[in-house]
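The first residue in the sequence is number 1, and the count goes up from there. Keep in mind that this is a model prediction, so the values were computed, not measured. For the numbers below, each heavy atom of this structure counts, side chains included, while hydrogens, waters and symmetry mates do not.
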Amino acid sequence: MAAAGRAVAACGARAALGARRGRAALGRAGALRAASGAGTGTGTGTAEVLQERLRLHQAAAGPPPPGSRSDEERRHRQEEEEEEERRRRQRLAGARRLALRLGGLLGAGTGVAIVYVFGSNAVDEHGAKVPDEFDGDPVGIQQLRRTYKYFKDYRQMIIEPTSPKLLPDPLREPYYQPPYTLVIELTDVLLHPEWSLVTGWRFKKRPGIESLLQQLAPLYEIVVFTSETGMTAFPLIDSIDPHGFVSYRLFRDATRYMDGRHVKDISCLNRDPAKVVVVDCRKEAFCLQPYNGLALRRWDGSSDDRALYDLAAFLKTIALSGVEDVRTVLENYALEDDPLAAFKRRRSQLEEEEQQRLAELAQGKKPPGLFLGALAGRLWPRSKQQ
């Protein structure tokens with residue numbers, strides 16, 4: 001009886017606990033229904049909160065398991081993208097192959113046209129073919145050899161001077177031939193190019209051009225030798241030399257092309273190198289004969305420049321001193337940054353010494369027996385003239 005009582009009591013306790021849990025669940029459901037019916041604004045906010053929690057829960061849960069519908073859709077899209085990429089690459093490769101074929105056909109056609117045009121015999125004024133050394137070869141070989149010779153000669157024309165004798169033979173009596181030859185650059189020595197949007201390219205004359213040409217014309221055979229083309233330089237020389245002091249004009253085709261630079265080869269001038277002075281603003285221009293050149297500073301267009309006046313005095317001193325080999329004089333100025341400034345400095349020192357000598361003579365003092373030698377010996381070392 002006691003055991004039966006205890007069993008009945010336990011059943012009653014469990015029933016009471018179940019009743020309490022039921023009432024709690026009903027209370028929560030009622031509260032939820034009350035909250036959903038409390039108003040539109042509050043209901044909407046609660047629904048959004050619930051949806052956000054559901055989204056966060058799904059995100060935290062990770063991707064759907066394999067075999068789900070979303071995974072299959074993703075794989076399907078990936079396969080479509082790969083197929084589209086493969087087709088794009090095929091189209092690109094086809095276009096590349098087509099471009100290469102067209103380029104090859106165009107190159108072959110151009111080559112055939114070049115061989116046909118430049119490999120044919122030259123013709124005279126009547127249209128008849130001029131025979132040459134390739135006539136005995138087969139037709140195709142003739143064309144190829146003539147084409148090769150044409151481009152070889154054209155290359156030589158660019159690299160080598162147009163002639164081994166750029167100037168005619170010196171004049172003979174009764175005509176007057178100046179004892180020295182002056183080879184002078186045009187650009188940045190005599191003229192300075194300037195460009196603007198309003199005027200385009202213009203060339204400014206360096207102060208002292210007229211004085212230089214007029215003073216040196218009796219002593220020097222003046223040759224304007226420039227790396228500019230003849231079409232550009234010819235009218236410029238006409239503008240700076242209205243009186244015809246310039247004896248000859250040489251242009252780019254007379255230079256020797258070396259290492260990307262146009263070099264003036266004095267050995268092709270048909271003049272004695274011992275009597276030739278080259279004036280340029282670039283030492284590379286006379287690198288084949290460095291002791292024949294005088295490198296001036298590049299003129300920047302300043303109107304206060306006096307370099308050409310100093311150059312005229314320097315060259316007149318050489319000519320009037322009767323120097324046998326100008327290279328022995330120019331060698332003394334080869335390492336100077338500004339050779340004309342060095343010449344002026346030496347000349348000023350010479351004038352001071354000359355005034356001192358005259359003062360000593362006026363006082364009755366006997367001058368030293370070896371007073372610095374002659375004028376040329378005091379402007380450049382005597383040992384280098386011998």
For a side chain to side chain contact (heavy atoms under 4.5 Å, CB included) check, start with the C-alpha distance between D238 and R249, then their side-chain angles and the critical distance, and finish with the verdict. CA-CA 11 Å; D238 287 339; R249 309 174 183 193; 2.7 Å; yes
In Å, rounded to the nearest 0.5 Å, how long is the span from OH of Y116 to CZ of R146? 12.0 Å
Pairing donors with acceptors under 3.5 angstrom, does anything connect the side chains of H76 and E80? yes
Under a 4.5 Å cut-off applied to non-hydrogen side-chain atoms, are T232 and T229 in contact? yes
What's the shortest heavy-atom distance between L311 and V279, and which atoms? CD2-CG1, 4.0 Å
Check this for me, if you would: do R89 and E85 make a salt bridge, where the nitrogen-to-carboxylate-oxygen distance has to be below 4.0 angstrom? yes
The test is side chain to side chain contact (heavy atoms under 4.5 Å, CB included); show your working for F286 and I266 and say whether it passes. CA-CA 8 Å; F286 49 83; I266 306 305; 5.6 Å; no
For the side chain of D188 and the backbone of C281, is there at least one donor-acceptor N/O pair under 3.5 Å apart? no
Quick check against the 3.5 Å criterion: does N121 have a side-chain atom that pairs as donor or acceptor with the backbone of K129? no
Kindly check if the number of other-residue, nucleotide or ligand heavy atoms within 6.0 Å of CZ (R172) is above 12? no
Checking the side chain of T226 only, and the main-chain atoms of E228 only, is there a donor and an acceptor separated by less than 3.5 Å? yes
Should L191 and K205 be marked as a side chain to side chain contact (heavy atoms under 4.5 Å, CB included) after you check the CA-CA gap, both sets of side-chain angles, and the distance that decides it? CA-CA 5 Å; L191 297 175; K205 293 183 181 181; 3.8 Å; yes
Backbone N/O of A342 and side chain of E336: donor-acceptor pair under 3.5 Å: no
Gap separating the CZ atom of R256 from the SG atom of C268, nearest 0.5 angstrom: 5.0 Å
Does V246 reach the side chain of V223, with side-chain heavy atoms less than 4.5 Å apart? no
Kindly indicate whether the side chain of K149, heavy atoms from C-beta on, has any atom under 4.5 Å from the side chain of F118. no
Taking atom CZ as the centre, does F151 end up with more than 12 heavy-atom neighbours from other residues, nucleotides or ligands that are less than 6.0 angstrom away? yes
Side chains of T255 and H262: do they bring a donor and an acceptor to under 3.5 Å? yes
Side chains of I184 and L190, heavy atoms from C-beta outward: is any pair under 4.5 Å? yes
Is it the case that more than 12 heavy atoms not belonging to R261 sit under 6.0 Å from its CZ atom? yes
L236 and V224: same hydrophobic cluster, using ILVMFWY side-chain contacts below 4.5 Å? yes
Does any non-hydrogen side-chain atom of L315 lie less than 4.5 Å from one of L219? no
Same cluster for Y248 and V276 if Ile/Leu/Val/Met/Phe/Trp/Tyr side chains link at under 4.5 Å? yes
Donor-acceptor pair between S211 and Q215 side chains, under 3.5 angstrom: yes
Close aromatic pair by centroid cut-off 6.0 Å: H192 and F203: no
Within the 3.5 Å criterion, strictly below it, is a donor on S302 or D300 matched to an acceptor on the partner's side chain? no
How close do A217 and P178 get, heavy atom to heavy atom, and via which atoms? O-CG, 4.1 Å
Backbone N or O of G244 within a donor-acceptor pair of the D241 side chain at under 3.5 Å? yes
When every non-hydrogen atom of A233 is compared with those of F251, the smallest separation belongs to CB-CE2, 3.6 Å
Would you say that more than 12 heavy atoms from the other residues, nucleotides or ligands in this model lie under 6.0 Å from the OH of Y176, or not? yes
Parallel, tilted or perpendicular, as decided by the 30° and 60° cut-offs, for the rings of F314 and F343: perpendicular
Quick one: do R91 and R88 satisfy side chain to side chain contact (heavy atoms under 4.5 Å, CB included)? Show the steps, please. CA-CA 5 Å; R91 291 194 297 269; R88 188 186 67 81; 3.8 Å; yes
From S227 atom OG to L186 atom CG, the distance as rounded to the nearest 0.5 Å: 9.0 Å
Does the K264 side chain pair with the main chain of L288, one donor and one acceptor, at a distance under 3.5 Å? no
Between atom OG1 of T147 and atom CD1 of I114, what is the distance when rounded to the nearest 0.5 Å? 8.5 Å
I want to check a possible cation-pi pair here: R252 against F225, using under 6.0 Å from ring centre and within 45° of the ring axis as the test. no
Within a 6.0 Å radius of atom CG on L92, are there more than 12 heavy atoms belonging to other residues, nucleotides or ligands? yes
Audit row: D305, K204, salt bridge (charged side-chain N to carboxylate O under 4.0 Å, His left out) steps and yes/no: CA-CA 12 Å; D305 183 84; K204 186 176 182 180; over 6 Å; no
Is it true that E83 and R87 make a salt bridge, defined as a side-chain N closer than 4.0 Å to a carboxylate O? yes
Closest non-hydrogen atoms of L216 and A312, given as atom of the first, atom of the second and distance, are CD2-O, 4.0 Å
L167 vs S247 side-chain heavy atoms within contact, under 4.5 Å: no
Check whether the side chains of Q78 and R74 place a donor and an acceptor atom closer than 3.5 Å, and report yes or no. no
Search all heavy atoms of W201 against all heavy atoms of P193 and return the closest pair with its distance. CZ3-CB, 3.8 Å
Are the side chains of T162 and L166 in touch, meaning some heavy atoms are under 4.5 Å apart? yes
Assigning hydrophobic clusters by single linkage (Ile, Leu, Val, Met, Phe, Trp, Tyr; side-chain heavy-atom cutoff under 4.5 Å), is V189 placed with F234? yes
D135 atom CG, over 12 foreign heavy atoms within 6.0 Å: yes
Transitively linked via ILVMFWY side-chain contacts under 4.5 Å: V183 with L213? no
Compare all side-chain heavy atoms of E324 with those of K275 and state whether any distance is below 4.5 angstrom. yes
E185 side-chain N/O to T187 backbone N/O, donor-acceptor pair under 3.5 Å: yes
Taking all atoms of both residues into account, what is the closest heavy-atom pair of A307 and L340, and its distance? O-CD1, 3.4 Å
What is the distance from atom CG of L294 to atom CG of D280, rounded to the nearest 0.5 Å? 10.0 Å
Have D132 and Q142 got a donor and an acceptor in their side chains that come within less than 3.5 Å? no
To the closest 0.5 Å, what do you measure between CD (E353) and CG (L358)? 12.0 Å
Is it true that a side-chain atom of Q177 and a backbone atom of L171 form a donor plus acceptor pair closer than 3.5 Å? yes
In this structure, would L250 and I237 fall into the same cluster of hydrophobic residues linked by side-chain contacts under 4.5 Å? no
